[in-house]
Amino acid sequence: MEDYVTYEQAKKLKELGFDWKTHAFYLGTTLVNDISDYKITNSTDLPIISAPTLTQAQKWFLEENKIYIEIYSTNYLTNFGYELKFDYEPIKRYCAQAFLNPNEALSSGIDDAINYIEENG
């Protein structure tokens, strides 16, 4: 099963220009990753927002913004962290905590990359 960005991350990514094709989307705040499980009617006025996987978002930051989110093990594969690099040079930002799995670390790194772009353009 794929792990997707959160609804808040998806909204921010859309604001930052994320326009890649995805297999899932948010209808309102509901993640829809199998269209056969969800009925969409014309009466729905909720916004539809692309929901990339964590890996897609990571790749988008690298290809479109030159921001690399590096995930690393901090303690014999039991804790994970991340570091942001801009154009492969470390940004003076590191995770403030250890995460229990790499996807949690990546999601936090995506939040930090979003904040970096918002603060630095």
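Note that the numbering runs from 1 along the sequence shown for the chain.
Scored by the side chain to side chain contact (heavy atoms under 4.5 Å, CB included) test, D111 finds Q9 as partners (sequence neighbours excluded). Under the rule for a salt bridge (Lys or Arg N to Asp or Glu O under 4.0 Å), E64 has no partner lying at least two apart in sequence or in another chain. Looking at residues two or more places apart in sequence or on another chain, you find no salt bridge (Lys or Arg N to Asp or Glu O under 4.0 Å) involving E15. By the side-chain hydrogen bond (donor to acceptor under 3.5 Å, both in side chains) test, E70 pairs with K85, sequence neighbours left out. Residues forming a side chain to side chain contact (heavy atoms under 4.5 Å, CB included) with A10 (at least two apart in sequence, or on another chain): V5, Y26, I49. By the side chain to side chain contact (heavy atoms under 4.5 Å, CB included) test, S50 pairs with F18, T22, sequence neighbours left out. N103 is linked by a side-chain hydrogen bond (donor to acceptor under 3.5 Å, both in side chains) to D3, counting only residues two or more places apart in sequence or in another chain. E118 pairs by the side-chain hydrogen bond (donor to acceptor under 3.5 Å, both in side chains) definition with K12, not counting sequence neighbours.
Taking all atoms of both residues into account, the shortest heavy-atom contact from A51 to Y4 is O-CD2, 3.3 Å. Considering every non-hydrogen atom in both I67 and Y116, the closest pair reads CD1-CD2, 3.6 Å. Smallest separation of non-hydrogen atoms from I71 and A105: CD1-C, 3.9 Å. Of all heavy-atom pairs spanning Y7 and T29, the tightest one is CE2-CG2, 3.6 Å.
Taking CD1 from I110 and CG from L13, the interatomic distance works out to 7.0 Å, rounded to the nearest 0.5 Å. Taken from CG in D112 to CD in E83, the straight-line distance is 11.0 Å, to the nearest 0.5 Å. The structure places CG of L84 at 11.5 Å from OH of Y68, a figure rounded to the nearest 0.5 Å. With values rounded to the nearest 0.5 angstrom, F80 atom CZ is found 11.5 Å from Y72 atom OH.
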Side-chain donor-acceptor pairs under 3.5 Å in residues 54-62, sequence neighbours left out?
| unit_1 | atom_1 | unit_2 | atom_2 | d |
| --- | --- | --- | --- | --- |
| Q56 | OE1 | T53 | N | 3.1 |
| Q56 | NE2 | K21 | O | 3.0 |
| Q58 | NE2 | I69 | O | 2.7 |

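Counting heavy atoms from C-beta outward, F99 and S108 have side chains that approach closer than 4.5 Å.
Residues in residues 48-57 take part in no salt bridge (Lys or Arg N to Asp or Glu O under 4.0 Å) pair, two or more places apart or across chains.
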